[in-house]
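Take a look at the structure set out below.
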Amino acid sequence: MTQYSRQDFASGEVPPHRRAVLMTLLGLTVGCGIVFVLLNYAAGNTILSLVEASMVLFAGVLMFLVPRSANICRWILLFLLMLFGCLLYAFTTPLTSPVIFVWALLIPILSHLLLGRWTGLWVTVFFLLASAAIFVWKYWATPELLNMLAVADMVFCALCVSGFSHVYEISRERTENRLRGMAFFDPLTGLANRIRFRDVFDHECHRFLRDATPMCILVIDLDYFKRINDSHGHDAGDMALRFVADVFRRRLRATDVACRIGGEEFGIVLGNTQGEQAFEVADDLRETLATCHFRYEGFAIPLSMTIGMAEIGVDGHDFKTLFATADQRLYEGKNNGRNRVITTVPDDGASSQAAMPAA
Ligand SMILES: Nc1nc2c(ncn2[C@@H]2O[C@H](COP(=O)(O)OP(=O)(O)OP(=O)(O)O)[C@@H](O)[C@H]2O)c(=O)[nH]1
């Protein structure tokens with residue numbers, strides 16, 4: 001069953017700030033680029049001004065494409081490689097002054113902001129080493145630029161900027177993961193919360209609309225849960241909720257997502273699962289909980305749950321309809337004695353396909 005992990009957030013999803021940073025960089029490339037195209041053209045550095053003009057053009061095209069692209073990873077990488085390549089070319093040309101090397105300090109900052117800590121680090125190392133090699137090659141015979149003090153200034157400054165960028169990105173990633181964990185997961189049980197439940201449902205719904213992949217949802221409510229709190233205390237109730245979450249974790253597949261909707265109510269999305277299979281899973285969960293007693297301070301406390309089920313394409317096509325249907329079946333199950341799974345509610349109001357309560 002899907003649980004919270006760092007991988008949940010590293011699955012090709014670009015953090016939102018990268019889009020904003022990329023758009024700012026593209027705007028600056030167009031703005032500053034035009035100035036440098038003109039300056040270099042006026043200084044007789046025609047090839048460099050042409051290279052810069054093509055960068056300006058590419059940045060302009062990307063400013064149009066990026067807001068319309070869902071996955072901007074490849075644009076980020078392509079643009080940075082071209083931008084840094086363009087910088088290296090500018091470093092090599094004899095008409096540029098030594099001051100141009102100051103732009104190399106942007107490499108670690110932009111790489112980390114746009115590519116994350118590891119890809120950012122490798123891109124930084126590669127382009128900074130290349131810049132250093134060009135500097136040594138270009139000013140080999142200029143001792144006032146290539147002496148111990150000047151080299152120490154440049155190397156330590158580059159190391160500081162790279163180190164701070166890397167540390168900043170590590171702490172930013174950690175904070176983002178922690179905040180996302182708090183936003184999408186229930187702290188008591190470690191299961192997903194209702195926001196993530198909805199996200200997963202939407203994802204599976206798109207799969208159904210695209211290639212008819214079946215999907216079912218279960219809406220689950222523990223039976224007479226109030227009695228546990230009343231007889232054994234709130235701690236016992238909390239432990240019972242964790243116990244139920246463990247039952248889900250043990251039984252469900254890695255692709256299924258269980259969540260705590262609130263209180264003693266849970267929801268499960270069973271991706272790529274048809275009605276009959278989903279009923280078997282639901283009934284298995286029901287039976288497991290009803291037969292394995294939860295223990296608290298020496299007491300064996302019986303637990304059971306009632307489950308309402310709905311299948312996409314059969315009971316509806318959107319979250320609101322499917323959830324309402326499953327919820328209605330859940331309450332049908334509660335009214336009919338609890339500890340059962342309800343998959344259909346005929347018009348006459350009687351439940352069918354209900355697993356009968358364990359003895
Ligand atoms: N310990 C604990 N109890 C909770 C939590 N959230 C909700 N509850 C309790 O769950 C109980 C739910 O009670 P009811 O809605 O009456 O439902 P029930 O007793 O399970 O009865 P039926 O659903 O009708 O079978 C309430 O006593 C809530 O206080 C929680 O996080 N921890």
Side-chain angles (χ1 to χ4, degrees), residues 1-4 178 180-198 200 217-252 257-269 279 281-310 322-345 349-359:
M1 189 199 68
T2 303
Q3 290 181 51
Y4 168 45
R178 206 167 40 240
R180 281 186 182 240
M182 285 159 65
F184 294 121
F185 294 87
D186 168 47
L188 180 69
T189 59
L191 296 178
N193 65 13
R194 63 160 60 225
I195 299 173
R196 182 135 171 85
F197 182 62
R198 182 63 203 265
V200 175
I217 62 166
L218 310 179
V219 178
I220 300 166
D221 193 272
L222 301 185
D223 300 329
Y224 301 119
F225 189 70
K226 191 171 180 307
R227 290 182 190 167
I228 299 177
N229 278 338
D230 293 348
S231 322
H232 302 276
H234 211 265
D235 275 354
D238 285 355
M239 282 186 67
L241 291 171
R242 288 199 203 102
F243 181 82
V244 173
D246 284 339
V247 168
F248 294 158
R249 284 192 189 96
R250 279 198 297 271
R251 173 61 181 83
L252 296 176
V257 176
C259 89
R260 185 173 169 217
I261 296 173
E264 21 73 88
E265 200 176 8
F266 298 87
I268 297 178
V269 176
F279 176 77
V281 174
D283 199 45
D284 208 15
L285 286 172
R286 180 200 65 75
E287 198 179 335
T288 307
L289 191 70
T291 50
C292 63
H293 279 181
F294 158 64
R295 297 202 154 267
Y296 180 76
E297 291 186 346
F299 293 98
I301 303 175
L303 287 174
S304 71
M305 59 188 168
T306 303
I307 304 176
M309 199 188 102
L322 283 171
F323 192 86
T325 305
D327 209 36
Q328 186 199 345
R329 290 173 184 172
L330 163 65
Y331 282 97
E332 185 70 24
K334 290 275 182 187
N335 292 334
N336 281 287
R338 295 174 172 78
N339 189 22
R340 62 191 61 217
V341 182
I342 305 288
T343 60
T344 55
V345 180
S351 59
S352 68
Q353 284 198 57
M356 294 315 290

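Remember, it's 1-based here, ligands and their atoms both numbered in the order they're listed.
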Nearest 0.5 angstrom please: [X] [atom1] to [Y] [atom2], how far?
{"X": "Leu303", "Y": "Thr288", "atom1": "CG", "atom2": "OG1", "answer": "12.5 Å"}
{"X": "Phe266", "Y": "Leu285", "atom1": "CZ", "atom2": "CG", "answer": "11.5 Å"}
{"X": "Phe248", "Y": "Leu289", "atom1": "CZ", "atom2": "CG", "answer": "7.5 Å"}
{"X": "Glu265", "Y": "Asp221", "atom1": "CD", "atom2": "CG", "answer": "5.5 Å"}

Which residue and atom name correspond to the protein heavy atom nearest [atom], and how close is it?
{"atom": "atom 21 (O) of ligand 1", "result": "Tyr224 N, 3.5 Å"}
{"atom": "atom 5 (C) of ligand 1", "result": "Arg260 NH2, 3.8 Å"}
{"atom": "atom 7 (C) of ligand 1", "result": "Gly263 CA, 3.4 Å"}
{"atom": "atom 18 (P) of ligand 1", "result": "Phe225 N, 3.4 Å"}
{"atom": "atom 29 (O) of ligand 1", "result": "Asn229 ND2, 3.9 Å"}

Provide the number and element of each atom of ligand 1 under 4.0 Å from a heavy atom of [X].
{"X": "Asp223", "value": "20 (O), 25 (O)"}
{"X": "Gly237", "value": "1 (N)"}
{"X": "Asp238", "value": "1 (N), 2 (C), 30 (C), 31 (O), 32 (N)"}

For [Y], does its backbone N or O pair with a side-chain atom of [X] as donor and acceptor, under 3.5 Å?
{"X": "Arg286", "Y": "Arg340", "answer": "no"}
{"X": "Arg338", "Y": "Thr306", "answer": "no"}
{"X": "Asp186", "Y": "Cys259", "answer": "no"}

For ligand 1, which is the ligand I care about here, please tell me if [X] has any N or O atom under 3.5 Å from one of the ligand's N or O atoms.
{"X": "Leu222", "answer": "yes"}
{"X": "Arg227", "answer": "no"}
{"X": "Leu241", "answer": "no"}

Practice task
Just go through Glu264, His232, Glu265 and tell me whose heavy atom is the nearest to atom 15 (O) of ligand 1.
Solution key: Glu264

Practice task
Check each of His234, Lys226, Lys334 against atom 22 (P) of ligand 1 and report the one with the nearest heavy atom.
Solution key: Lys334

Practice task
Examine the proximity of ligand 1 to Asp235 and report which part, side chain or backbone, both or neither, has a heavy atom under 4.0 Å away.
Solution key: neither

Exercise for the section: Answer with side chain, backbone, both or neither: which part of Arg338 has a heavy atom less than 4.0 angstrom from an atom of ligand 1? Expected result: side chain

Practice task
State whether the number of non-hydrogen atoms from other residues, nucleotides or ligands found under 6.0 Å of Arg295 atom CZ is greater than 12.
Solution key: no

Practice task
Evaluate whether atom CZ of Arg194 has more than 12 neighbouring non-hydrogen atoms of other residues, nucleotides or ligands under 6.0 angstrom away.
Solution key: no

Handout entry: Ring geometry between Phe243 and Phe294 (parallel below 30°, tilted from 30 to 60°, perpendicular above 60°)
Key = tilted

Handout entry: Arg242 near ligand 1 by a heavy-atom separation under 4.0 Å
Key = no

